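Taking it in order: structure first as structure tokens, then the write-up.
Just so we're clear, the structure is a prediction, and the values are computed from it rather than from any experiment. To find a chain, count down the sequence lines: A is the first, B the second, and so on, and within it residues start at 1.
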Amino acid sequence: MGGVIVETEAYVPDDPASHSYGGPTARNATMFGPAGRLYVYRSYGIHWCANVVCDEEDVGAAVLLRALEPTHRIERMRSRRGVDDLTLLCSGPGRLTQALGVSGGHDGAALDGPPFELTRPNGRPDVVASPRVGITRGADRLWRYTQTGSTYVSRPRPRA
DNA sequence: GTATTGATCTTCT
DNA sequence: GAAGATCAATACA
């Protein structure tokens, strides 16, 4: 299963909104490990959210995957999610993990080998920066990145 | 169409 | 004891 990543948010240790703010805990240990791994955490007690750990210095930085444009094995993702609408399949961190079947067991898994695969886009994607979603602290940092014009982002029409 | 609320885990106060 | 990187169902206009 999979798709094109069309929405992400950045989190670094020096950031009140980040889980790594204030140092390691049992939950966020993966954020302080090697880059290129998956950090999965439980959100609001209900959902799973997936991040790509992205700092070589084991400092605690990651990128939250917020939305995909579904491209592979769409039927499988549909049956997992129980929805028909493609724009609702992966448009949000909790939805994305549910569609891909990612859960707490994948926390710390390496992304450079099976069952995962990450590839670069062709050329430079056209993205827009905007305020991050669902946070109250550090909201002034424009660290949410959405693909321009995509209808698969978690909030329609991010301001340009 | 917008607003409110329930589900319920981890951390912080 | 409260809040949070959320979603979906329900209640209201």
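- Taking 4.0 angstrom as the limit, Thr136(A) places a side-chain polar atom (N or O) nearer than this to OP1 or OP2 of dG4(C).
- Applying the 4.0 Å criterion to OP1 and OP2 of dT11(B), one finds that Thr25(A) has a side-chain N or O inside that range.
- For the pair Leu88(A) CG and dC7(C) P, the interatomic distance rounds to 11 Å; values are reported in whole Å.
- Computed from coordinates, the Arg137(A) CZ to dT13(B) C1' distance equals 12 Å when rounded to whole Å.
- Side-chain heavy atoms closer than 4.5 Å link hydrophobic residues (I, L, V, M, F, W, Y) into clusters, and following such links, possibly through other members, connects Leu38(A) to Leu100(A).
- To the nearest 0.5 Å, the span separating CE on Met1(A) from CE on Met77(A) amounts to 7.5 Å.
- For the pair Arg95(A) (side chain) and Ser91(A) (backbone), a donor-acceptor distance under 3.5 Å is present.
- Among dC9(B), dC7(C), dT11(B), the nucleotide with an atom closest to any side-chain atom of Arg42(A) is dC9(B).
- Leu111(A) and Leu96(A) fall within a single hydrophobic cluster, where Ile, Leu, Val, Met, Phe, Trp and Tyr are joined by side-chain heavy atoms under 4.5 Å apart, directly or via other members.
- In this model, the phosphate group of dT6(C) is approached by a side-chain N or O of Arg66(A) to a distance below 4.0 Å at OP1 or OP2.
- The nearest heavy atom of DNA chain C to Arg81(A) and to Tyr41(A) marks one nucleotide each, and the one closer to the 5' end goes with Tyr41(A).
- Between the CG atom of Asn51(A) and the C1' atom of dT6(C) there is a distance of 14 Å, given to the nearest Å.
- Under the stacking definition used here (centres under 5.5 Å, planes under 30°), the residue Tyr11(A) qualifies as stacked on the base of dA5(C).
- How far OG1 of Thr97(A) is from CZ of Arg42(A): 10.0 Å, rounded to the nearest 0.5 Å.
- We find that CD of Gln98(A) is positioned 14 Å from C1' of dA7(B), with the value rounded to whole Å.
- The listed nucleotides are dT6(C), dA8(C), dT11(B); the one nearest the side chain of Ala26(A) is dT11(B).
- Rounded to whole Å, the distance from CD1 on Ile46(A) to C1' on dT5(B) is 12 Å.
- Taking the C1' atom of each, dT10(B) and dA8(C) are spaced 22 Å apart, rounded to whole Å.
- To the nearest whole angstrom, the two C1' atoms, one in dA5(C) and one in dA3(B), are 22 Å apart.
- Taking atom CZ of residue Arg132(A) and atom P of nucleotide dT6(C), one finds them 11 Å apart after rounding to whole Å.
- In this structure, dA3(C) and dT10(B) make a Watson-Crick or G-U wobble pair, each of the two defining distances being under 3.5 angstrom.
- Summarising the geometry, the separation between CZ on Arg95(A) and P on dT6(C) is reported as 11 Å, rounded to the nearest angstrom.
- Residue contacts shown for Ile135(A) are limited to sugar-phosphate atoms, with no base heavy atom under 4.0 Å away.
- If you take CG of Asn28(A) and C1' of dC12(B), they are 13 Å apart, rounded to a whole angstrom.
- Residue Arg27(A) has its side chain nearest to dT10(B) when only dT6(C), dT10(B), dA5(C) are considered.
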